[in-house]
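Before any comments, here is the structure.
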Amino acid sequence: MGGKKQNNNDFFTRVYEVTRMIPYGRVTSYGAIARYLATGRSARMVGWALNICHNNPEFIPAHRVVNRKGLLTGKRHFGNSSTMQQLLENEGLIVEDDRILNFGEKFWDPIAELD
C-alpha cells in the first residue's frame with residue numbers, strides 16, 4: 001500500500017513540473033498533460049493533483065489547466081468562484097460563462113511544444 005502512495009506522489013510531481021511549463025497567457029487541458037506523461041487515461045488524476053497543489057511550497061499555475069472544451073471545471077478549488085477566471089483574464093484570455101472563448105488560439109499542447 002505504501003508503494004501506491006509513492007507512485008501518486010511521483011505522478012503529482014510530474015504533473016506539477018509540466019504545469020509550471022505552461023507559458024503565461026496560454027492554457028492546456030487535464031488530458032493533454034496526461035497524454036504528455038504517457039498516462040492518457042489519467043486526466044482525472046491530473047485534476048486531483050492540481051486540486052491539492054496549493055499545498056506545494058512552489059507556485060504552480062493550476063489556473064492554466066482547463067477541461068478539453070476550455071471550461072473552467074476546477075474553479076471551485078481557487079477559494080471563490082471568480083478567482084480562476086480573474087487569473088486567466090489577467091493573462092489576456094477571454095472567459096465567458098466559465099469558458100475560454102479563444103481556447104483554440106491559446107491552447108498549449110505539451111507534446112507539440114516540449115518534445
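- Considering only heavy atoms from C-beta on, Val66 comes within 4.5 Å of Ile100 through its side chain.
- Applying the salt bridge (Lys or Arg N to Asp or Glu O under 4.0 Å) test to pairs two or more places apart or on separate chains, those with a residue in residues 92-104 are Lys75-Asp98.
- The distance from atom CD of Glu17 to atom CD1 of Ile33, rounded to the nearest 0.5 Å, is 12.0 Å.
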Give the C-alpha distance, both sets of side-chain angles, the deciding distance and a yes or no for side chain to side chain contact (heavy atoms under 4.5 Å, CB included) between Thr19 and Val46. CA-CA 10 Å; Thr19 303; Val46 171; 5.8 Å; no
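- Note: Leu87 CG to Asn90 CG = 6.5 Å, rounded to the nearest 0.5 Å.
- Applying the salt bridge (Lys or Arg N to Asp or Glu O under 4.0 Å) definition to pairs two or more places apart or across chains, those involving residues 50-73 are Arg20-Glu58, Arg64-Glu91.
- The nearest pair of heavy atoms linking Arg14 to Leu37 is NH2-O, 3.0 Å.
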Apply side chain to side chain contact (heavy atoms under 4.5 Å, CB included) to Met45 and Tyr30, showing your working. CA-CA 9 Å; Met45 284 291 291; Tyr30 303 103; over 6 Å; no
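- No side-chain heavy atom of Val27 sits under 4.5 Å from any side-chain heavy atom of Ile22.
- A donor-acceptor contact shorter than 3.5 Å links the side chain of Thr39 to the backbone of Ala34.
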Side chain to side chain contact (heavy atoms under 4.5 Å, CB included) evaluation trace for Asp109 with Phe107: CA-CA 6 Å; Asp109 183 355; Phe107 184 75; 3.7 Å; yes
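- Under 3.5 Å, the side chains of Asp10 and Thr13 contain no donor-acceptor pair of N or O atoms.
- Contact of the Leu72 side chain with the Leu88 side chain is registered, since non-hydrogen atoms from C-beta on lie closer than 4.5 Å.
- Within the 4.5 Å cutoff, the side chain of Leu50 has no heavy atoms near those of the Phe12 side chain.
- Applying the ring pair (Phe, Tyr, Trp, His ring centres under 6.0 Å) test to Tyr16 and every residue at least two apart in sequence or in another chain returns nothing.
- Residues forming a side chain to side chain contact (heavy atoms under 4.5 Å, CB included) with Arg35 (at least two apart in sequence, or on another chain): Ser29, Ala32, Ile111.
- With hydrogens and angles ignored, the 3.5 Å screen pairs no side-chain donor or acceptor of Asn102 with any backbone N or O of Glu105.
- When all heavy atoms of Ser42 and Phe11 are compared, the closest pair comes out as OG-CZ, 3.7 Å.
- A search for side-chain hydrogen bond (donor to acceptor under 3.5 Å, both in side chains) contacts involving Asn55 returns nothing, not counting sequence neighbours.
- Contact of the Arg26 side chain with the Leu93 side chain is not registered, since no non-hydrogen atoms from C-beta on lie closer than 4.5 Å.
- Nearest heavy atom pair, residue Val18 against residue Pro110, reads CG1-CB, 4.2 Å.
- Here ring-ring contact (aromatic ring centres under 6.0 Å, His included) pairs that include residues 45-98, with residues two or more places apart or in two chains, number zero.
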